[in-house]
Protein chains: 2
Amino acid sequence: MKIGELARRTGLTAHTIRYYERIGLLPFAIRDHAKQRDYDGSILPWIGFIGRLKTTGMPIRDMLRYATLRAQGDATAAERGALLEQHRARVRHHLAELQACLVVLDTKIAGYAGSARGSAGDAGGSKGMEPHHDAIQQGTREPVRAGPARPL
Amino acid sequence: MKIGELARRTGLTAHTIRYYERIGLLPFAIRDHAKQRDYDGSILPWIGFIGRLKTTGMPIRDMLRYATLRAQGDATAAERGALLEQHRARVRHHLAELQACLVVLDTKIAGYAGSARGSAGDAGGSKGMEPHHDAIQQGTREPVRAGPARPL
DNA sequence: GTAGGTGTTCGAGCGCGCTCGAAGTCAAGG
DNA sequence: CCTTGACTTCGAGCGCGCTCGAACACCTAC
């Protein structure tokens with residue numbers, strides 16, 4: 001399999017695949033007579049797993065650590081397991097946060113739906129807002145004016 | 001409330017708060033006699049909400065859109081509602097993805113735990129891997145060698 | 001009066017994860 | 001033979017979301 005087909009099958013771009021190889025996230029691919037990368041199917045599960053780590057927000061440097069340990073063989077299994085367990089804990093935490101945020105979002109949206117016609121006012125529950133780090137206690141109403149939003 | 005206290009209460013840095021004001025995500029704060037920003041508590045729920053949008057992965061430009069609509073008053077309520085609904089759909093989708101990934105992670109970790117001592121081999125289920133975009137069908141085993149991981 | 005602490009503006013820089021373009025090589029098809 | 005197209009390497013550039021430092025202003029306490 002050449003890089004183009006691998007790209008098609010993984011949803012990555014050829015550029016990205018080469019980039020992953022460059023940084024060591026993918027093994028150095030065997031080249032054919034014309035010095036082109038020649039993949040076999042065994043790379044696919046690994047790329048799939050990388051994709052899942054990425055989806056769950058693992059930074060590349062951690063994936064790299066995992067990949068490196070993997071390359072070192074069975075002796076590193078325990079460390080790899082620990083790494084994944086830490087990651088899982090982070091993912092679970094994030095998941096819980098997301099669920100909490102979803103509830104707030106639901107409330108907010110319900111507020112907008114409720115005030116469908118006529119004076120809308122402050123949609124959704126404007127209390128119980130949690131800050132970035134659980135630091136907000138006080139709460140009145142959200143401000144109505146926002147600055148003259150530059151195009152960024 | 002001066003910017004330092006607001007920073008403490010929100011978990012943001014003063015730098016970040018100024019940045020948010022600059023780009024229009026926070027309203028232009030009233031300045032006191034010494035031209036220092038003087039906040040009242042009404043900003044807190046808004047910052048809290050921004051934090052939640054951020055947690056759920058909304059890009060700043062979308063928050064900006066929301067903030068701008070908000071600034072335009074009740075007439076934009078419907079559009080704001082739609083915006084949040086779209087966002088909610090994305091968050092739900094992402095949540096589902098995360099949960100699926102968590103299952104895979106669990107399996108993998110169970111595999112590492114199972115092979116605690118002795119020959120570890122390929123920990124976790126090495127089948128059923130989904131690619132980045134559901135494009136991988138084929139699957140054998142993950143590669144063992146990874147390139148000489150450059151420091152990136 | 002002076003030191004310390006907190007604030008101000010401005011613009012540059014950073015870390016991440018790609019993304020892209022240039023210039024060249026190679027093989028197959030008409 | 002010549003075109004087409006997929007590949008190669010290399011290095012620069014980008015979009016995002018901050019992050020930081022410089023140089024200066026101001027208030028308060030000693």
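Just so we're on the same page: letters track the sequence lines, and every chain starts at 1. Everything numeric here is computed off the predicted structure, so don't read it as measured data.
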Exercise for the section: Could you work out which one of C:dT8, D:dC7, D:dC18 sits closest to the side chain of A:Ile3? Expected result: D:dC7

Practice task
Identify, between B:Asp38 and A:Arg18, the residue whose nearest nucleotide on DNA chain C lies closer to the 5' end.
Solution key: B:Asp38

Handout entry: Interatomic distance, A:Leu53 CG vs C:dG17 C1' [rounded to whole Å]
Key = 15 Å

Handout entry: Separation of atom CE in A:Met63 from atom P in C:dC18, rounded to whole Å
Key = 7 Å

Problem - Short side-chain N/O contact to D:dG17 OP1/OP2 from B:Tyr20, under 4.0 Å - result: no

Problem - Phosphate contact (C:dC18 OP1 or OP2) by A:Lys54 side-chain N/O below 4.0 Å - result: yes

Practice task
Could you run through nucleotides 20-30 of chain D and give me one letter per nucleotide, 5' to 3': B if any protein heavy atom sits under 4.0 Å from the base, S if only the sugar-phosphate is that close, - if neither?
Solution key: BB----SS---

Exercise for the section: Measure from CG on A:Asp32 to C1' on D:dT8 and round the result to the nearest Å. Expected result: 11 Å

Practice task
Anything under 30° is parallel, anything over 60° is perpendicular, the rest tilted; go ahead and classify B:Phe49 against B:Tyr66.
Solution key: tilted

Practice task
Specify the separation, in whole Å, of atom CZ of B:Arg31 and atom P of C:dT8.
Solution key: 7 Å

Handout entry: Whether A:Asp32 side chain and A:Arg37 backbone form a donor-acceptor pair below 3.5 Å
Key = no

Exercise for the section: Keeping the roles fixed (side chain from A:Asp40, backbone from A:Met1), state whether a donor-acceptor pair exists under 3.5 Å. Expected result: no

Handout entry: Shortest side-chain distance from B:Ile60, nucleotide among D:dG17, C:dG17, D:dC7
Key = D:dG17

Practice task
Applying side chain to side chain contact (heavy atoms under 4.5 Å, CB included), run through A:Thr10 and A:Thr16 and close with a yes or a no.
Solution key: CA-CA 11 Å; A:Thr10 58; A:Thr16 300; over 6 Å; no

Completion exercise
Residue set satisfying side-chain hydrogen bond (donor to acceptor under 3.5 Å, both in side chains) with B:Arg65, at least two apart, ordered chain then number -> B:Glu79

Problem - A:Arg37 side chain, from C-beta outward: closest of C:dT8, C:dG17, D:dT8 - result: D:dT8

